[in-house]
Structures are given as structure tokens and as C-alpha cells.
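So the structure is just underneath, and the comments pick up after that.
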2 protein chains.
Amino acid sequence: MTEGSKRRLKMWIRLLGVTRRAEGELREYLRLTHDTTLPRFDVMAALYRRRDGLTMGELSRMLLVSNGNATVVVDRLEKDGLARRIPSETDRRAVSVVLTPEGLAAFEAQAAGHEVEVTRLFARLSDDDVDAITDILKRAEKT
Amino acid sequence: MTEGSKRRLKMWIRLLGVTRRAEGELREYLRLTHDTTLPRFDVMAALYRRRDGLTMGELSRMLLVSNGNATVVVDRLEKDGLARRIPSETDRRAVSVVLTPEGLAAFEAQAAGHEVEVTRLFARLSDDDVDAITDILKRAEKT
DNA sequence: GTTCGAAATTTCAAACTTGAAATGAATCCG
DNA sequence: CGGATTCATTTCAAGTTTGAAATTTCGAAC
């Protein structure tokens, strides 16, 4: 196709590679150090940010995963006592998912190392590089 | 943590979001228009670039997936007549995976639309933005 | 040439993920 | 009100993905 297409394709390949590699390293960190997985961490991170609870729908939209996926991950967290479903008082279709105190403590332990890992993974970039990527990608997403 | 950690974390979140969204759109395109999946497309793209064949190991390293994963995806492509395993003549442990003529034709049809999709997904970025991301991420990966 | 560690692949169980269908509940509107 | 539509969630089958174990082969050091 056009010149611009080729450039964007090249960028996409690079983006995908960097993301996959970083995900792999973070997965390894979570597995070796905390015996957990990336999807579990992602769900817990979302619940941590919104301490007052999230519905299943909010959760799956926030993490960009399917409804069915959110269901099973929350199922497992609940079975392990890290999260809890609380029926909504105003809408009998909905539930509010929250971290248990155990879940909150576990997440804080995981998050500290996670942040260290992310910093290590992108240590080669200058602060300006980091901000540039953030800004450009933010612009790309503006919907 | 430090200021730099927070910045990198923010960038990582953004990177992950953009990548997931784009993957979702590309997955949808491949499913609706070509009745195939992203992992199959990825494997076929790798085989297309290296027409003379790739070993299973090269394939999994190139795509950053596990060995076991490469095995099942190639299994399915082979069952559908799109790829073929050819035993290496020099190393009886290794195989060379190649696209069949049908696989090559199918990939070319898929790739054209894929490129259009990628271009559409990143249409909001200027050419300079695109090059900036590519350059910075290339620097981030230098190992 | 034997042996031993490394390499290439497959197999396997468990977890993840999707998209579609099913269920039950809320809302809208005539 | 009553019917239809939409919404929130779960269930389900099929496919993807991982990491570890098993198998077979290679290659290098003796």
C-alpha cells in the first residue's frame, strides 16, 4: 500500500513486540515471586484503584476482556478469598466486586515489585522518551 | 516509588491499552472477513516473510510464544492444508515449516485487509508521531 | 567411540480467552 | 399495565497459551 501504511505497520509490529516481551517478563515475575498470574493481577489492580467496587461489566470494559473471561478470573479470586462479589442493592442484575482485606494486602505486595519490574524494563528510555510515548499514544486513542 | 517509576508505569498502562484495543480490532477483522484468528495470522505472517521455512523454535522465538503453543497452531494450520512440516535433512530433531500454495494465497488475501486495518487504527497519528514511536521503542529493546 | 549435557520438538494439565447463547432483571413506550 | 428491547451476568464450547515434563537427537569432551 502507501508509504504511510508501511510505516504504521512497522510501528505496530514494534509495539506488539515490546508489549509481548514486557508481558512475558511481568508474568514471570508474578509467577516466581508471588505465585499468581497476569490476569489475576490486572483484575486486582482494577479493584485496587476503585476501592468502592466495580461491576463485572465495568471490569471487563476496563481491562478490555470479554465478559466470560472476567467471570472466571473473579471466580478464582473469590475462591482464593482475595475478592468478593456483593449484590447491588439498587439493581438485582448487577454485582459489585471488591477486594477482601487479604486481597488488598496481597495486591500491595505484588504491586511494589511490579513497579520495579516495569521501571527496569524501560530503564533504557529517557524521561522525555517516556513522556513522548505516553502523549502520542494518548492522542492515538482519543475517540 | 520515584517519579520516574510512576511515569514509566503510566506509559506501560497506556501501551498495554493501545495494544489490546488494536489486537481486538484485528482479531475481529480476521474473524469476520476471513474466518481465522490472530495467532494463525501471526504464524502465517512469519512463514510468509521467510518463504524458505522456519523451524518450530525459530517460530516461537520470533512470535514470543511458547514452544507448546507454536506446536498446536501449526498443527491446525497443517490440518487445514495451509502449512506443512518438512523434516530437516541435516538435523533429525528439527522440522521446517512452510506455507503451502493455498496458505500463501490465503495469507496474501488476509494481509491486505490487515494492513488497511492497522492504518485505520493509527490514522490519527502523524507520520512523525509514527516514526517517533518506532524509534523510541527500538531503542527500548536494544539488548 | 562413549558419555553427558544441550537442543528441538511434542505432550500434557491447567489456566486463560473469546464469542455466542441463555438467564434474569430493568426500562421504555404505546 | 404489558410487551419488547436492552442490560448485567453467567454458562458453554472451542481455541489459545503457558510452563513443565518427556522424547529424541546432536555435539563436544574425553
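Predicted model only: the values in this text are computed from it and were never measured. Convention: sequence-line order gives letters A, B, ...; per-chain numbering from 1.
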Does the side chain of Gln110(A) come under 3.5 Å of the side chain of Tyr29(A) through a donor N or O and an acceptor N or O?
no
Quick check: is Leu77(B) connected to Val72(B) through a chain of hydrophobic side chains (ILVMFWY, heavy atoms under 4.5 Å apart)?
yes
Measure the distance from NZ on Lys79(A) to P on dC16(C) and round it to the nearest whole Å.
10 Å
NA contact type, Arg76(B), heavy-atom cut-off 4.0 Å: base, sugar-phosphate, or nothing?
base
By nearest heavy atom, map Val73(B) and Leu32(A) onto DNA chain D; which one lands nearer the 5' end?
Val73(B)
To the nearest angstrom, the CG-P distance between Leu30(A) and dC16(C) comes to 12 Å
With respect to the side chain of Pro39(B), which nucleotide from dT16(D), dG19(D), dT18(C) is positioned closest?
dT16(D)
If only side-chain N and O atoms count, and only distance matters, is there a donor-acceptor pair under 3.5 Å linking Thr134(B) with Asp131(B)?
no
Using a cut-off of strictly less than 4.0 Å, decide whether Arg92(A) has a side-chain nitrogen or oxygen near OP1 or OP2 of dA26(C).
yes
Looking at Asp42(A) and Arg40(A), does any basic side-chain N land under 4.0 Å from a carboxylate oxygen?
no
Check whether any side-chain N or O of Thr37(B) sits under 4.0 Å from OP1 or OP2 of dT18(C), and answer yes or no.
no
Between dT17(C) (P) and Asp42(B) (CG): distance, integer Å
16 Å
Value in whole Å for how far the C1' atom of dG19(C) lies from CG of Leu64(A):
16 Å
Presence of Arg40(B) side-chain N/O under 4.0 Å of dT17(D) phosphate oxygens OP1/OP2:
no
If you measure from the Lys or Arg side-chain nitrogens to the Asp or Glu carboxylate oxygens, is any gap between Glu117(A) and Arg120(A) under 4.0 Å?
yes
Treat primed atoms plus P, OP1 and OP2 as sugar-phosphate and everything else as base, then score nucleotides 8-14 of chain D 5' to 3': B for base contact with protein heavy atoms under 4.0 Å, S for sugar-phosphate contact only, - for none.
SBBB---
Going by an N to O cut-off under 4.0 Å, is there a salt bridge joining Glu115(A) and Arg8(B)?
no
Would you classify Ser88(B) as touching base, sugar-phosphate or nothing, given that sugar-phosphate means primed atoms plus P, OP1 and OP2, and contacts are heavy atoms under 4.0 Å?
nothing
Mind calculating the distance between CG (Leu38(B)) and P (dG19(C)) to the nearest angstrom?
11 Å
Is it true that Arg85(A) and Asp75(A) make a salt bridge, defined as a side-chain N closer than 4.0 Å to a carboxylate O?
yes
Calculate the interatomic distance between Arg27(A) atom CZ and dA20(D) atom C1'; express it in whole Å.
15 Å
Calculate the interatomic distance between Glu28(B) atom CD and dT17(C) atom C1'; express it in whole Å.
16 Å
Distance, rounded to the nearest Å, where Asp35(B) contributes CG and dG19(C) contributes P
13 Å
